[in-house]
Amino acid sequence: MGSETVKSRGGRSLRRLLDRESSLGIILMLPGALLLIIFMAYPFFLGIWLSLTDSVIGEMGDFIGFRNYTDLLGDSIFHQTARNTLIYALVTVPFKAMLGLGLAMVLSNRMRFSNPIRAAVMMPWIVPTALSTLGWFMILDPVFSPISWLLRSLGVIKQNINFLGDPILAISSVCLVNIWRGIPFFGITILAGLQAVPQELHEAAAIDGANAWHRFIHITIPTIRGVVLIAALLSIIWTFADFQLIYILTKGGPANTTHIFGTYAYQIGLSATDIGQGAAIALYMFPILAVFAILLLMYLRRD
Amino acid sequence: MKDKKRERRGKISRREFLKAGVVGLGMAAMGGLTEKAFGAPAVIKGTKLTILQGTYFIAPGQDLYKKQALEWGQANGVQVSADFLNWPDLQPKIAAAIQGGGVDIVELWPGWNYLYEKSLVDVTDMAQEFGKRGGGFEPYVLNSAPVKGRFLGIPHGYNNNSINYRISWLKEAGCPNAEDGNKVELTWDQYHAIAKKCKAAGHPFGQALGHSTGDPPGFCYPYMWAHGGMEVSKDGKSIQFNKPEFVDGMRKFIQAWKDGYDETGTSWDDSNNNRAFLSGQIASTVNASSIYFAAKKDKPELAKDIHHMLFPKGPAGRFYWLESRTFAILKNSKNIAGAKEFLKWWFQDKQYGDWWRIQEGYMLQPVKKYYNDPTWFKDPKMSPFREEPKYGINQGYAGPPNQRAALAWSKYIVVDTFAKAVQSGDAKASIEWGAEQLKRIYRV
Amino acid sequence: MVGSETLGKRVLGIYLPLAFFIFFLLFPFYWMSLVSFKPTNDLFELKYNPFWLQTFTLENYLYLFQNTDFSEWLKNTLIISVVSTVLSLGCSILIGYALARLRFPGSNFLGVGIFLAYLVPPTLLFIPLSQVIAKLNLYNTYWALILTYPTQLIPFASWLLMGYFRTIPKEIEECAMADGCTRMQALVKIILPLSLPGMISAGIFCFTLCWNEFLYALIFMSSGPMKTIPVGTVSDLIKADTLFWGALMASAVLGSFPIAFLYSFFVKYYVEGLTAGAVKR
């Protein structure tokens, strides 16, 4: 196509561009891709570069190869952080999935006020995490916790429960809040899956004499297996990259027993000004996240 | 069948579409109203001055600062915005401002002048002028504020920090002279013996050991020094953390923690002990005078029962962690001239003096003139703090304050050593862990 | 439901578990609201039953509006969320449609690339991002957030919409095109109205994330009154002091309310959108 044609029939050739799949596809991708390139891809590679330098806040450093990465391998806080993150992201998932399934089963029943109820139980997932976590922060307060108050009044305990100060309790508490936040996501996703189960199938099975349990195992579970898997992988990815929940509850304390990659990277990179190392900590997440993302991708494109 | 369903959905969708359209219009209208706020970021009309600092525990001090800044701004046609951040958010925000700009004046905590050395404007002449006018800087300021002989910020003091206690409960536990904190003279061992009695009586001592920037290091560093531990030798070439004296001191602390403290303290931040103290849960805690200040306002009965004492002594003596905060100007500020003008004005006797006095001794004097200021004698309960600067040393002692010491502080190494110790009960292993971390930081 | 169930069965199988979920999931919100109506002194008085109000007060809410910039935060959050959502949704519709319907060079690669954008945690990006924001002179403007939020939203929204578009039979579109519509007209007139639940679902997703975002807002836009609700609440109301718990919770309640309200209207379409988009693909 000569340039002359473009000039004289500019309008029509634009139209042709828009009608031809190959060019239209690229044009449609452009606005979103541009945003992603400028505000995600470029900073991402800048971050990789930073992790290979000894940069500190306010001063671009020199290239030092993989020293930030190898240094971390010998850092006991980093080991602990990696362990915490795995616990935080993986241990919480079965709880979220089971309770989410329970919630979905309950919600799938016909009942009065089903829409307001659905909206209400979604709240942990939809309200700003920073704000609801502040609520939990009060509930888990070492001195003014209502839970401690209740158990103390009932005579079950003598001393307040050290929710966020005891190493085991602290990681359990942040996991609990994470589970609390994640249940509705699983619930609503699984609910969507349940609604895709044809009612006729249930009815036919019931006529054939299958009881509720059998119907659950043979009809419900196979239909929702896919959504549960997707939700679980998404949840793992999000939880891995979490930040604010821990930041507000413990800031990684006590004695680093709740640090996760995000909060440790923040502490080293911003508070301790060691950006290079901070970037390296965050990038350590990458291979692990990649595994889960690839799993997810493979599942979604399996046919 | 499928088509039927689709049809139904289509109908609902159209109806819903109308509804959504109305909502959309409403939101668009709201957006239109505030179009101005988007502005054209590249155009700056007049000058702007943005100030970042930590939030105040003494609210009138913050209100006054804001008022002063706005007054100055109005008088000089500068659009001033003063921001007061939660302490742990301050450092990341400064870090972002250094990278990204948008901020002119920042309040720096101890050691940060070393961390951000290359990003700060030299204000040596202004600082020295302020010092001279005030009869010279206190030694703790001279030790901590200048970086290699240059002031990278103007020192405005540091908040006081000592033992806040309940007179009646300590008296019950047999603390000599408990009714007058100025006369109490204890060792850490005696202090912890009192804690044991108090806890047995139902009001333990409280100490924050969480990841927080004020009270946890405010206690841990002095306790460490008092027991012969230090991060590094004077020449900075060897770690002096893992010393038998300090391990002994830590063993005592582990015991005292069980016997005398509220054990939930491992998760406390700077505010938990204030709340616990004010609600009558604890008998004594390490804190600034903000507890007393709040009590005078809201719980006058309680305030009568509060007093302050200097830190107890340890085998190695009495120590405070004390370095000055400074107001600094960022090099990437677009309004360095305006920032300098403002600081010059604010550090004059009228402005600074008003600000210092309204906090009733919460801020320790940066210059000698205020050592004899009437503020200290208005209320004898505030007098103990006046002596604090005499015992003040820096993070990273016996080495000089520097970037390494500030890093160790930002990573909570000393605080976490204490937290680990009381959690595990193993003083030696915890201190070894701390020593290993310090070795990495000091690269020795 | 299949067959008829006795009331007892329903209570055991539905209402009891439902009660458990409602209690567990909503208790923190009960607690937050409760605290927001308590005067400070009651809050720290351990002899009172903390689960109930001793004295009711609105002082915390008054404080919020009189002594803080809460109304500004609300306005900022609303503007940023709406504009950013519209922007993300627009981009995502185009991407989703392109990936679902069109064959073009690199489509596979681009699809995977956009999906992988999930992998990039904001915590890693925000230091280098702050340099980008500074270079573009966007610091402390709405644009800093409006332009960066879509990077967190577009991947999922595109993916969701792509799934949704695929459920719409190609023939409908082809018919329209045979009748003389262009592809874009077919998209606007036929596909979009049919995928409204999917779009609502994606829109709610975007809006929620914008409303909730914390880290970028804290760093890129947090000077003076230019804050979002979560950031304003955390940085202006946490004073490490006894005084602000009530106002803090009042702010948390008011910051959560609009989004909960939005959901109660659209929850049905949200589920429907997920069903078609994520489940049936």
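Predicted, not measured: the structure shown is a model, and the values here were computed from it.
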Atom group of A:Ile117 that falls short of 4.5 Å from chain C, counting heavy atoms: side chain

Considering all heavy atoms, the nearest C:Pro230-A:Pro128 contact: CG-CB, 4.0 Å

Most contacts with chain A, counted as non-hydrogen pairs under 4.5 angstrom, among C:Leu125, C:Ile154, C:Leu218, C:Thr208: C:Leu125

Minimum heavy-atom distance C:Val234-A:Ala130, with the two atoms named: CG2-CB, 4.5 Å

Value rounded to 0.5 Å, distance of OG1 in C:Thr151 from CZ in A:Phe39: 8.5 Å

Any C:Leu94 side-chain heavy atom under 4.5 Å of A:Met29 side chain: no

Validation row: A:Met40, C:Gln152 side chains within 4.5 angstrom (heavy atoms): yes

Any side-chain heavy-atom pair of C:Leu25 and A:Leu103 under 4.5 Å: yes

Among C:Val132, C:Leu129, C:Leu110, residue most engaged with chain A (heavy-atom pairs, under 4.5 Å): C:Leu129

Between A:Gly32, A:Pro146, A:Ala282, the one whose heavy-atom pairs under 4.5 Å with chain C are most numerous: A:Pro146

Structural part of C:Ile133 lying under 4.5 Å from a heavy atom of chain A: side chain

Heavy-atom check, side chain of A:Leu99 versus side chain of C:Phe21, under 4.5 Å: yes

Residue part contacting chain A, namely of C:Ile259, when any heavy atom lies under 4.5 Å: both

Partner chain C: residue of A:Thr129, A:Ile248, A:Ile183 with the largest heavy-atom pair count (under 4.5 Å): A:Ile183

CA sep, side-chain torsions, deciding dist, call: A:Leu131, C:Ile229, side chain to side chain contact (heavy atoms under 4.5 Å, CB included): CA-CA 9 Å; A:Leu131 302 180; C:Ile229 295 178; 4.2 Å; yes

Residues forming a side chain to side chain contact (heavy atoms under 4.5 Å, CB included) with C:Pro258, sequence neighbours excluded: C:Trp211

Non-hydrogen side-chain atoms of A:Val127 and C:Asn212 separated by less than 4.5 Å: no

Pairs of heavy atoms under 4.5 Å with chain C: top-ranked of A:Leu50, A:Leu270, A:Leu107, A:Ile224: A:Leu270

Largest heavy-atom contact set with chain A, pairs under 4.5 Å, which of C:Leu99, C:Leu147, C:Thr148: C:Leu147

Between C:Gly106, C:Gly96, C:Pro128, the one whose heavy-atom pairs under 4.5 Å with chain A are most numerous: C:Pro128

From C:Leu187 atom CG to A:Leu24 atom CG, the distance as rounded to the nearest 0.5 Å: 9.0 Å

Which atoms of A:Ala120 approach chain C - backbone, side chain, both or neither, heavy atom under 4.5 Å: both

Show me the donor-acceptor pairs within less than 3.5 Å that the side chains of residues 248-256 of chain C make with the rest of the protein, sequence neighbours left out.
unit_1: C:Ser251; atom_1: OG; unit_2: C:Thr233; atom_2: OG1; d: 2.8
unit_1: C:Ser256; atom_1: OG; unit_2: C:Ala252; atom_2: O; d: 2.7

Separation of C:Ser158 OG from A:Leu36 CG (nearest 0.5 Å): 7.5 Å

Gap between atom CD1 of A:Ile139 and atom OH of C:Tyr30 - 0.5 Å precision: 11.0 Å

Which atoms of A:Tyr42 approach chain C - backbone, side chain, both or neither, heavy atom under 4.5 Å: side chain

Under 4.5 Å from a heavy atom of chain A, the part of C:Phe261 involved: neither

Most chain C-contacting option - heavy-atom pairs closer than 4.5 Å, from A:Phe44, A:Phe144, A:Trp180: A:Trp180

Euclidean distance, C:Leu102 CG relative to A:Ser22 OG, rounded to 0.5 Å: 9.5 Å

Toward chain A, the part of C:Phe24 with a non-hydrogen atom under 4.5 Å: both

pair A:Leu245-C:Phe214: side-chain heavy atoms closer than 4.5 Å: no

Contact winner vs chain C - A:Met105, A:Arg152, A:Met123, heavy-atom pairs under 4.5 Å: A:Met123

Heavy-atom proximity to chain C below 4.5 Å, by part of A:Met285: side chain

Chain A interface, residue from C:Ile22, C:Ile93, C:Asn108 that has the most non-hydrogen pairs under 4.5 Å: C:Asn108

A:Tyr247 versus chain C, the contacting section by heavy-atom distance below 4.5 Å: side chain

Validation row: C:Phe156, A:Leu234 side chains within 4.5 angstrom (heavy atoms): yes

Heavy-atom check, side chain of C:Trp245 versus side chain of A:Phe137, under 4.5 Å: yes

Nearest-0.5 Å distance that lies between atom CG in A:Leu35 and atom CG in C:Leu87: 5.5 Å

Side chain to side chain contact (heavy atoms under 4.5 Å, CB included) assessment of A:Trp136 paired with C:Trp31: CA-CA 9 Å; A:Trp136 276 104; C:Trp31 181 256; over 6 Å; no

Partner chain C: residue of A:Ala241, A:Pro124, A:Ala279 with the largest heavy-atom pair count (under 4.5 Å): A:Pro124

